[in-house]
2 protein chains.
Amino acid sequence: MKEDAKNNAPAEPTRSELEILQILWQHGPSTVRFVNDHLNGEKRAVQYTSTLKIMQIMTDKGMLARDESSMKHVYRPVLEEKSTKGLLLDRFLETTFNGSATTLLLQLLGNKKTSKNELDEIKALLNKIDPDKL
Amino acid sequence: MKEDAKNNAPAEPTRSELEILQILWQHGPSTVRFVNDHLNGEKRAVQYTSTLKIMQIMTDKGMLARDESSMKHVYRPVLEEKSTKGLLLDRFLETTFNGSATTLLLQLLGNKKTSKNELDEIKALLNKIDPDKL
DNA sequence: TGTTTCGTACGAATTGATTCGTACCTTAGT
DNA sequence: ACTAAGGTACGAATCAATTCGTACGAAACA
């Protein structure tokens, strides 16, 4: 039923897909080999063909595009980092915190995983961005 | 391979499971009927037996417990709201923002979906919680 | 020119979540 | 006692993501 790579809504990357996108966003257009090595180095053991398969599927979905001019295809992200993460954040906010950014932040602040430094950073950030509002 | 309901790590609710948990957290122990009606009213069309099935599975996973003394089983959440959401937030933060709460917040601030009121609320909140730090 | 290495394509198997039909039991009402 | 209504249990079907084996082509190199 799937046609081409361009008739879709915003597209929700899965966890695995997001892992791959992160690498591409960070390092720019890359080969499957590069992405796979990275995954294995930083994250978890995964077969080359598995990574390849996912990247091919992502291409089908229109999340990635590839340059096939060379034998080693070079993949680049089509989804833009900021908007994609924004979408993910929206959805997460909606499903988990009923859309309340305040509740999310409270949870964030109460989280032991969030370091004190990070909190200070956040506060400083808020002041810097919009000091008069406070 | 699955044994009982208690040999597991923290447990990651899926989207559907989270929907159900939210209802139970909000309204307290409930029957399948109640949960299903709520889902259909507030969210989406779903068959009674589908909801039942998921809640049974969640019980198997140890996410829910049920009182079977009456014919109408009453389910209650085993997963605690705060810690569960904390876990989900941690994971989301990790996979999407590479663990940086600051980056997440920046995205939140830049998000058009986040209302101005909400932002003001957030700022006020930060001040209230830890005014001296700012 | 073999032959090894590295790449892509393709398809099957697995896994997990989800959905829902069907069977059957219990209770209330007539 | 019979029937209707409303429960639960169970198993099959579906669907998507994921994983990976196998086949095969191109390039590097001995």
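Heavy-atom basis, side chains included; hydrogens, waters and symmetry copies ignored. Just so it is clear: chains get the letters A, B, ... in the order the sequence lines come, proteins before strands, and each one is counted from 1.
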Subject >> Any residue of residues 14-21 of chain A with a heavy atom less than 4.0 Å from an atom of DNA chain C >> reply: none
Original post:
Hey, any chance Val74(B) and Leu52(B) share a hydrophobic cluster, counting ILVMFWY side chains that come within less than 4.5 Å of each other, even indirectly?
Top reply: no
Original post:
Rounded to the Å, how far apart are Leu64(B) CG and dT8(D) C1'?
Top reply: 16 Å
Subject >> Test item: side-chain donor near acceptor, Asp67(B) and Ser69(B), under 3.5 Å >> reply: yes
Original post:
When the ring planes of Phe92(A) and Phe92(B) are compared, do they come out parallel, tilted or perpendicular, using 30° and 60° as the limits?
Top reply: parallel
Original post:
Does Val78(B) share a hydrophobic cluster with Ile54(B), counting links as ILVMFWY side-chain heavy atoms below 4.5 Å and allowing steps through other members?
Top reply: no
**OP:** Would you indicate which nucleotide in dG7(C), dA17(C), dT19(D) comes nearest to any side-chain atom of Arg33(A)?
**Re:** dG7(C)
Original post:
Could you give the CD1-to-C1' distance, from Ile57(B) to dG11(D), as a whole number of Å?
Top reply: 12 Å
**OP:** Whole angstrom is fine here: how far is it from CG in Asp60(A) over to P in dA16(D)?
**Re:** 14 Å
**OP:** Would you name the heavy atoms of Ser16(B) and Arg44(B) that are closest together and state the gap between them?
**Re:** OG-NH2, 3.9 Å
Subject >> Shared hydrophobic cluster, Leu104(A) / Leu88(A) (ILVMFWY, side-chain heavy atoms < 4.5 Å) >> reply: yes
Original post:
Within this structure, what is the NE2-to-C1' distance between His73(A) and dA26(D), rounded to whole angstrom?
Top reply: 11 Å
Original post:
Met55(A) has an atom CE; how far is it from atom P of dT8(C), in whole Å?
Top reply: 9 Å
Original post:
Expressed in angstrom and rounded to an integer, what is the separation of Met58(B) atom CE from dA9(D) atom P?
Top reply: 16 Å
**OP:** Compare every heavy atom of Pro29(B) with every heavy atom of Arg76(B), then report the nearest pair and how far apart it is.
**Re:** CB-CG, 3.8 Å
Original post:
Is there a residue in residues 34-51 of chain A whose heavy atoms reach under 4.0 Å of DNA chain D, and which residues are they?
Top reply: Arg44(A), Gln47(A), Thr49(A), Ser50(A)
**OP:** Taking only the side-chain nitrogens and oxygens of Gln56(B), find out if one of them lies under 4.0 Å from OP1 or OP2 of dA9(D).
**Re:** yes
**OP:** With the side chain of Met71(A) defined as its heavy atoms from C-beta on, choose the nearest nucleotide among dA26(D), dT18(C), dG6(D).
**Re:** dA26(D)
**OP:** Could you check how far NZ of Lys53(B) sits from C1' of dA17(C), rounded to whole Å?
**Re:** 12 Å
**OP:** For Asn40(B) and Ala45(B), work out which heavy atoms get closest and say how close.
**Re:** OD1-CA, 3.0 Å
Original post:
Looking only at side-chain N and O atoms, does Arg66(B) come under 4.0 Å of OP1 or OP2 in dA9(D)?
Top reply: yes
Subject >> Lys72(A) NZ - dA27(D) P separation (whole Å) >> reply: 10 Å
**OP:** Return the minimal non-hydrogen interatomic distance between Lys85(A) and Trp25(A), and the atom names on each side.
**Re:** CE-CZ3, 3.8 Å
